[in-house]
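One structure is given below, encoded as structure tokens.
What you see below is based on every heavy atom in this structure, not just the backbone, and it leaves out hydrogens, waters and symmetry mates. Lettering of chains follows the sequences in order, A, B, ..., and the numbering in each one begins at 1. For clarity, every value in this text was computed on a predicted model and none was experimentally measured.
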There are 2 protein chains.
Amino acid sequence: MKATIYDIAKKAGVSTATVSRALGEERERVKPKTREKILKVCKDLNYQPNRIAKNLAKKSTGAIGLVLPEIQGDFYTEIIRGVDEIAYSGNYNLIVSSSHSRRNIVESILGFMRESMVDGVILMIPSMNRQIEEILSKFLTPIVIISDIEGLGEYDKVSIDNYQGAYSMTEYLIKSLKHKKIAAICGPRDNQDATMRKKGYVAALKKYKIPIRKEWIIESDFTIEGGEIASSRLLSLSEKPDVIFAANDNMAAGCYKTAEALGYKAPEDIGIVGFDHIAFGAFLKPKLTTVHVQVPEIGRVATNLLLDRLKDSGSNKKASPKNIKISTGIIIGDSVLKAK
Amino acid sequence: MKATIYDIAKKAGVSTATVSRALGEERERVKPKTREKILKVCKDLNYQPNRIAKNLAKKSTGAIGLVLPEIQGDFYTEIIRGVDEIAYSGNYNLIVSSSHSRRNIVESILGFMRESMVDGVILMIPSMNRQIEEILSKFLTPIVIISDIEGLGEYDKVSIDNYQGAYSMTEYLIKSLKHKKIAAICGPRDNQDATMRKKGYVAALKKYKIPIRKEWIIESDFTIEGGEIASSRLLSLSEKPDVIFAANDNMAAGCYKTAEALGYKAPEDIGIVGFDHIAFGAFLKPKLTTVHVQVPEIGRVATNLLLDRLKDSGSNKKASPKNIKISTGIIIGDSVLKAK
DNA sequence: CCCTATAATGTAACCGCTTACATTTCAAAT
DNA sequence: ATTTGAAATGTAAGCGGTTACATTATAGGG
């Protein structure tokens, strides 16, 4: 049988209160000699405090939940890593939940919230809907949202600066590389990151007075295959673009595949640029030019926001929601040349 | 204030026992009419059972822990996905912990065990040491180990069939492709997966009576850079191999880099094969021939073992430890040709 | 209408820890 | 020696559920 605090108290000849204090934050309030005796008994009996009982008494779980839309590929591991790092140093455990074949986002959220599994949750969602909003408003668990969705003023929010990233890349293509025929493969319409990236692209074209051609803006799905399909459509147009700006690196990889299949050589025949700067981009040949996103930083920032929130969840004066954008940069590879 | 079971009981005019029954597994034992009334009150008060209290009363946490050596790249997300899937359908939450700059494996394990955070843990470790063994033996939390380490008879274990995978690949190179000059870039000496892969390679050579050359067996570290260094050493030997068998795809990618840098063309000048079949392998040019490992399956199998263990952790007759090997296959790419 | 078996519900102890409040200890001050 | 106040420790009531056991309601048989 596992030893409990009573066993320790008995064997050490003190009360449970003293044991609890000797082991906890009030360490200092028990006489050194007593404490030593208690610690020795703990070691002898191999005592492991029961975390659950502690949590019940303290009314907290000591865990935070991370809800991801899916979990596949570098992007998500890097988010997890960032969150885990901060959670760990804040003494919280991390529970990860993501959609998969048998569970959708809503169930993930409910799993955490409905059963008060966690003290707070970090919610990464591509888009908001009525149902999710309703669920969130129903619970009082602190929430940090990772998403580029506008509105949602009542929540702490961290997002990639998608707009700026896409704008900068497009501007780079136009200003530095003198390109004008720039097509875009966008992400899903209902994905906010995708939407903002598209907006950035469009805004940059407008700024430099380059007409926007509908047939050069294709909606896709952020997958490699989606990139293949979209790019093959672009490359079969009578008037082809010189550069394809894929809204993420996966789709850029798809463009490489198609280009090769159709006998185009990057960057000479067609320029390709991406967004995200995930690890395997470096292995594409030629090396991919892409928008750099500090992915683990997203996780870190979100977690810090959440921990702050948890810290003063006791005090009644709620700090007003924060909204942090993670800035981006441009990684210059060899996948696009200066326009002739 | 959050509603508790007492609030519900009071408002519904029944006892807490009845509420508990109406909501739990003994649903059937309360009269339908009563149950309905209770459910209505729950909805009205937006009642969320407190999971912690439940756990304390039931003496379980409803969570399993997954300890990873690190969390970077596809390999680990796929493991997580497999584990998560099964954990979810078994109604367990998943807590992930991995080493990083501020925490090592031992701390990860202790975090779970010392504070009884989880009902069971899945432990993925590249190698065993005295300290870890000691910790594990000290706790009675059920454990499943993902590792190819021999011994450890007392634990459930799942491993990639590294030996067979490496053997098959080597045999394929010898028998089907008629190669004889096959070098190997191995993983770290203290990594059991690496060790078993090397053994499989050596065994196949022996089987086909091909002399083993020490200078063609290089120890490296499973990273891309390691693969670069190792392969540049191989390619600078006076007598060069025809094929390099890298013990993982990362190192194979390193070989590609080196080959290119030194002016060798794969597969004509040098054949390259890998191990793992991680996603980006498909993007190497030429397409990588490699050993396929069913990574999510590892997670699934491990979790099933753990859940089984948890299920009959009540019964005293402990089932004897299981040891499952996940079989591998060969993915034929274009990175190695038939010997001339 | 009573008896009895079974279904439905209630009572209260318990899970193992924390902590407000009460009590005791002890050293310094008088 | 007595007083006093801080330090050390103890007592016991929670935290919010579950569940063994006790009690009450209900229905069918005599």
In this structure, how many angstroms lie between the C1' atom of D:dG17 and the NZ atom of B:K2, rounded? 14 Å
Atom pairs and distances, side-chain donor-acceptor, residues 29-43 of chain B, under 3.5 Å, sequence neighbours left out:
{"from": "B:R29", "atom 1": "NH1", "to": "B:E26", "atom 2": "OE2", "distance (Å)": "3.3"}
{"from": "B:K40", "atom 1": "NZ", "to": "B:D44", "atom 2": "OD1", "distance (Å)": "3.4"}
{"from": "B:K40", "atom 1": "NZ", "to": "B:D44", "atom 2": "OD2", "distance (Å)": "2.8"}

Tabulate protein N/O versus nucleotide N/O from nucleotides 17-27 of chain C, keeping only pairs under 3.5 Å, one per line.
{"from": "C:dC17", "atom 1": "OP1", "to": "A:Y47", "atom 2": "OH", "distance (Å)": "2.7"}
{"from": "C:dC17", "atom 1": "OP1", "to": "A:N50", "atom 2": "N", "distance (Å)": "3.0"}
{"from": "C:dC17", "atom 1": "OP2", "to": "A:I5", "atom 2": "N", "distance (Å)": "2.4"}
{"from": "C:dC17", "atom 1": "O5'", "to": "A:Y47", "atom 2": "OH", "distance (Å)": "3.3"}
{"from": "C:dC17", "atom 1": "N4", "to": "A:Y6", "atom 2": "OH", "distance (Å)": "3.1"}
{"from": "C:dT18", "atom 1": "OP2", "to": "A:S20", "atom 2": "OG", "distance (Å)": "2.4"}

Less than 3.5 Å apart, which donor and acceptor atoms pair up between the side chains of residues 121-132 of chain B and the rest of the protein, not counting sequence neighbours?
{"from": "B:S127", "atom 1": "OG", "to": "B:D190", "atom 2": "O", "distance (Å)": "3.3"}
{"from": "B:N129", "atom 1": "OD1", "to": "B:Q131", "atom 2": "N", "distance (Å)": "3.0"}
{"from": "B:N129", "atom 1": "OD1", "to": "B:I132", "atom 2": "N", "distance (Å)": "2.8"}

Side-chain donor-acceptor contacts of residues 75-82 of chain B below 3.5 Å, not counting sequence neighbours, with atom names and distances?
{"from": "B:T77", "atom 1": "OG1", "to": "B:D74", "atom 2": "O", "distance (Å)": "2.9"}
{"from": "B:R81", "atom 1": "NE", "to": "A:I71", "atom 2": "O", "distance (Å)": "3.2"}
{"from": "B:R81", "atom 1": "NH2", "to": "A:Q72", "atom 2": "OE1", "distance (Å)": "3.3"}

Distance in angstrom units between A:D7 CG and C:dC15 P, rounded: 11 Å
Between B:K59 and D:dT18, is there a side-chain N or O to OP1/OP2 distance below 4.0 Å? no
Ring pair (Phe, Tyr, Trp, His ring centres under 6.0 Å) pairs, two or more places apart, involving residues 96-119 of chain B: A:Y88-B:H100
Rounded to the nearest 0.5 Å, how far apart are CD of B:Q294 and CD1 of B:I298? 8.5 Å
Nearest-Å distance, CG (A:N55) to P (D:dG16)? 13 Å
Only pairs at least two apart or in different chains count here, so list each salt bridge (Lys or Arg N to Asp or Glu O under 4.0 Å) that has a residue in residues 82-95 of chain A. A:D84-B:R103, A:E85-A:R300, A:E85-B:R102
In degrees rounded to 10°, what angle is found between the helical axes fit to the five outermost pairs at each end of the helix from C:dC1-D:dG30 to C:dT30-D:dA1? 50°
Spacing between B:I52 atom CD1 and C:dC15 atom C1', to the nearest angstrom: 14 Å
Rounded distance in Å - NZ (A:K10) to P (C:dG16): 14 Å
Rounded to the nearest Å, what distance is computed from the CD1 atom of residue A:I8 to the C1' atom of nucleotide C:dG16? 12 Å
Could you name each residue pair satisfying side chain to side chain donor-acceptor pair (under 3.5 Å) that touches residues 144-160 of chain A, not counting sequence neighbours? A:D148-A:N162, A:D148-A:K325, A:D156-A:R309, A:S159-A:K325
N/O donor-acceptor pairs under 3.5 Å from side chains in residues 3-14 of chain B, not counting sequence neighbours:
{"from": "B:T4", "atom 1": "OG1", "to": "B:Y6", "atom 2": "N", "distance (Å)": "3.1"}
{"from": "B:D7", "atom 1": "OD2", "to": "B:T4", "atom 2": "N", "distance (Å)": "2.7"}

